[in-house]
2 protein chains.
Amino acid sequence: MSEQQSRGFLLKQRAFLKLYLLDIIDKQKGYGSQMLDDLRKEMKEYGYNPTHSEIYKTLHELYKEGIVSREKKIKGEPGVDFQEIVIYRMTDKGKEEMKLYKKQMKVELERCVGLLNKALHDHYK
Amino acid sequence: MSEQQSRGFLLKQRAFLKLYLLDIIDKQKGYGSQMLDDLRKEMKEYGYNPTHSEIYKTLHELYKEGIVSREKKIKGEPGVDFQEIVIYRMTDKGKEEMKLYKKQMKVELERCVGLLNKALHDHYK
DNA sequence: CAATGAACATGTTGTTCATAA
DNA sequence: TTATGAACAACATGTTCATTG
């Protein structure tokens, strides 16, 4: 997962979502569609409304990288609701890599805040 | 110029550059290639290294929108150096729109800082 | 060669369509 | 229907090539 941070302008959405999704998965909270709903509620006041496909693509990427494992389940009591969902769990490798990723992301987030604050300072002070 | 702010994730690079380029042009500082060098120096410590084509494309956009005017000049004393450069100036319309744009951008920059600080808070506190 | 610009290629994200149970 | 996923389209950006004097 230790792909290069873009080292360009600002953070990519995908990297931001990974941080949140890893945390959600680590805490065993829900499945994809649920994560989407939760994130949307949480981010709403910041004007950010992620799309379902971006969430799924991020989850797939984490899976392909071996950071998380997948397991299909039936939601609700069997016989009542046949909706199939996908549950994610951190792999052992994932738990290790998550630590590293979080460290990198802290630096990257701070860099971005610095850049934006610079713009605020340069133009509004 | 009052195009919609993406209202999505973070600010687009183009919007960020506009803010700086408008300011540079308003202060009558240099031509494209010069602006690029200056911005690179200024942004270097924030890990941001804009490309020449992004600068030029942004300048072209401002021109097409009628925010700035263009004038070709010869750099240095004529006869010594024939390098042609393009000088930009704010139009009257541009001066008006710049005020509005800056107001919008302040809100947008603060929104983005808010989103990033939320991530820092959620994951590192 | 410095500056500008266009063409081209890639990356990133959003919208729409498809499928299962 | 809800959840998942893929296919497709659009946009944003970077890299390379071309031109001019």
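Bear in mind the structure is a predicted one, so any value in this text is a computation, not a measurement. When reading the values below, keep in mind they use all heavy atoms of this one structure, side chains included, and skip hydrogens, waters and symmetry mates. Below, chain A is the first sequence line, B the second, and so on; all start at residue 1.
Contact annotation: Arg14(B) does not reach the phosphate of dG14(D) (side-chain N/O to OP1 or OP2, under 4.0 Å). Contact annotation: Gln13(A) side-chain N/O to dG14(C) OP1/OP2 distance is under 4.0 Å. Phosphate proximity of dC11(D) to Lys12(B): absent, as no side-chain N or O sits under 4.0 Å from OP1 or OP2. The side chain of Thr51(A) contributes an N or O atom lying less than 4.0 Å from OP1 or OP2 of dG14(C).
Here the nucleotide nearest the side chain of Ile85(A), chosen from dA3(C), dA3(D), dG5(C), is dA3(D). Nearest nucleotide to the Gln83(B) side chain, out of dG21(D), dA6(C), dA3(D): dG21(D).
A donor and an acceptor atom sit less than 3.5 Å apart, one in the side chain of Lys57(B) and one in the base of dG14(D). Residue side chain Ser53(A) does not reach the base of dT13(C) through any donor-acceptor N/O pair under 3.5 Å, judged by distance alone.
With hydrogens and angles left out, the side-chain atoms of Tyr20(A) and Glu42(A) include no donor and acceptor closer than 3.5 Å.
Rounded to a whole Å, the OH atom of Tyr56(A) is 7 Å from the P atom of dG5(D). Atom CZ in Arg70(B) sits roughly 16 Å away from atom P in dA3(C) (whole-Å rounding). Per the geometry, CD belonging to Glu84(B) stands 16 Å off P belonging to dT19(D), to the nearest Å. When rounded to the nearest whole Å, the span between OH of Tyr31(A) and P of dT2(D) equals 10 Å. In this structure, Lys72(B) places its NZ atom 8 Å from P of dG21(D), rounding to the nearest Å. Rounded to whole Å, atom P of dT12(C) lies 15 Å from atom CZ of Phe9(A). Distance Met35(A) CE to dT2(D) P: 19 Å, rounded to the nearest Å. The nearest whole Å value for the distance from the CD atom in Glu54(A) to the P atom in dT4(D) is 16 Å.
Among the protein residues, Tyr63(B) comes within range of no part of the nucleic acid, since none of its heavy atoms lies under 4.0 Å from any strand. Residue contacts for His52(A): at a heavy-atom cut-off of 4.0 Å it reaches a base atom on one of the strands shown. At the heavy-atom level, Tyr88(B) lies under 4.0 Å from the strands shown only through sugar-phosphate atoms.
With respect to Glu96(A) and Lys93(A), no salt bridge is recorded, no charged nitrogen being found less than 4.0 Å from a carboxylate O.
Between the side chain of Thr58(A) and the backbone N or O of Arg14(A), no donor-acceptor pair lies under 3.5 Å. In terms of modelled atom types and a separation under 3.5 Å, the side chain of Tyr63(B) and the main chain of Ser69(B) share no donor-acceptor contact. Between the Tyr124(A) side chain and the Lys102(B) main chain, a donor and an acceptor come within less than 3.5 Å of each other.
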